[in-house]
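Notes follow once the structure below has been shown.
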Amino acid sequence: MRRLLLLLVLCASGCNDGFSQWLTIVVPPEIESIPRGEHRVAVFGYDPSLADASATLLVELRVPFSHVVGSSTRQTLPLQATVPRGYRVYLSVASCERRLVGSTYMLWDGQSDIGTPREVVMQRVPTQVPCEQLWGPGTSGPP
């Protein structure tokens, strides 16, 4: 009984949960060619009991890719994160075109709500901004 009580006390002061799933990123054939791309996948955690609290970036992956117009490009990635107890997670995916100087935000995941989809079909962004502006301190995802 003492061991169980000790475990409960320790968990109340900061036990973590794990998040693990596969994510498939699809760049559809109608998207123009991107010879030097980079998918930026972010796993965010948030406390649903706190109103107006910003999410915390738990993990960010940067994965190179290339895409040719007229063909569908698929990439499947394993995602894992340590999540504070009681938090929920959501994913955000942005794709950038790497250039000689910097990179440009080209595609977004098209999600209209927060969640953890197993597949995202990337869509063209209406306004291109530098990728370096994504997920800065205090942000909760791409603009």
### Message
Before you tell me yes or no, could you show the steps for R118 and L23 under side chain to side chain contact (heavy atoms under 4.5 Å, CB included), namely the whole-Å CA-CA distance, both residues' side-chain angles and the distance that decides it to 0.1 Å?
### Response
CA-CA 5 Å; R118 299 207 182 274; L23 172 68; 5.8 Å; no

### Query
What's the verdict on side chain to side chain contact (heavy atoms under 4.5 Å, CB included) for R74 and E119, showing C-alpha distance, side-chain angles and the deciding distance?
CA-CA 10 Å; R74 299 176 67 86; E119 180 174 287; 2.8 Å; yes

### Q21 vs L91, side chain to side chain contact (heavy atoms under 4.5 Å, CB included): CA-CA, chis, key distance, verdict
CA-CA 11 Å; Q21 80 169 43; L91 306 178; 3.7 Å; yes

### Task
Tell me, with the steps shown, if T116 and F19 meet side chain to side chain contact (heavy atoms under 4.5 Å, CB included).
CA-CA 10 Å; T116 55; F19 169 77; 3.9 Å; yes

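Tracing side-chain contacts under 4.5 Å through hydrophobic residues (I, L, V, M, F, W, Y), one never reaches V121 starting from V27; they form parts of separate clusters. Side-chain heavy atoms closer than 4.5 Å link hydrophobic residues (I, L, V, M, F, W, Y) into clusters, and following such links, possibly through other members, connects L61 to M106. Cluster membership for V26 and V93, using ILVMFWY side-chain heavy atoms within less than 4.5 angstrom, is not shared. Both V63 and V59 are part of a single hydrophobic cluster, where members link through side-chain heavy atoms under 4.5 Å apart. The cluster map of Ile, Leu, Val, Met, Phe, Trp and Tyr, joined by side-chain heavy atoms under 4.5 Å apart, puts I34 and V68 in different clusters.
Closest heavy-atom contact between P84 and L58: CD-CD2, 4.2 Å. For H39 against S95, the heavy-atom pair with the smallest separation is ND1-OG, 2.6 Å. The two residues F65 and Q75 make their nearest non-hydrogen contact at CB-OE1, 3.3 Å. Residues S92 and Q111 share a closest heavy-atom pair of CA-NE2, 4.4 Å.
The shortest distance between side-chain heavy atoms of R62 and C131 does not fall below 4.5 Å. You'll find the side chain of S72 reaches within 4.5 Å of the side chain of P29, heavy atoms only.
For the pair E97 (side chain) and L107 (backbone), a donor-acceptor distance under 3.5 Å is absent. In terms of modelled atom types and a separation under 3.5 Å, the side chain of H67 and the main chain of G37 share no donor-acceptor contact. Between the side chain of S33 and the backbone N or O of V69, at least one donor-acceptor pair lies under 3.5 Å.
When the shell of 6.0 Å around CD of E32 is examined, it contains more than 12 heavy atoms from other residues, nucleotides or ligands. No more than 12 heavy atoms of other residues, nucleotides or ligands lie within 6.0 Å of CZ in R88, so this atom counts as exposed by the packing criterion.
Annotation: the span from Y87 atom OH to L50 atom CG amounts to 7.0 Å, rounded to 0.5 Å. Taking CD of E30 as the reference point, atom OG of S71 lies at 11.0 Å (rounded to 0.5 Å).
Relative ring orientation between Y90 and Y46 is described as tilted, the plane-to-plane angle lying within the 30° to 60° band.
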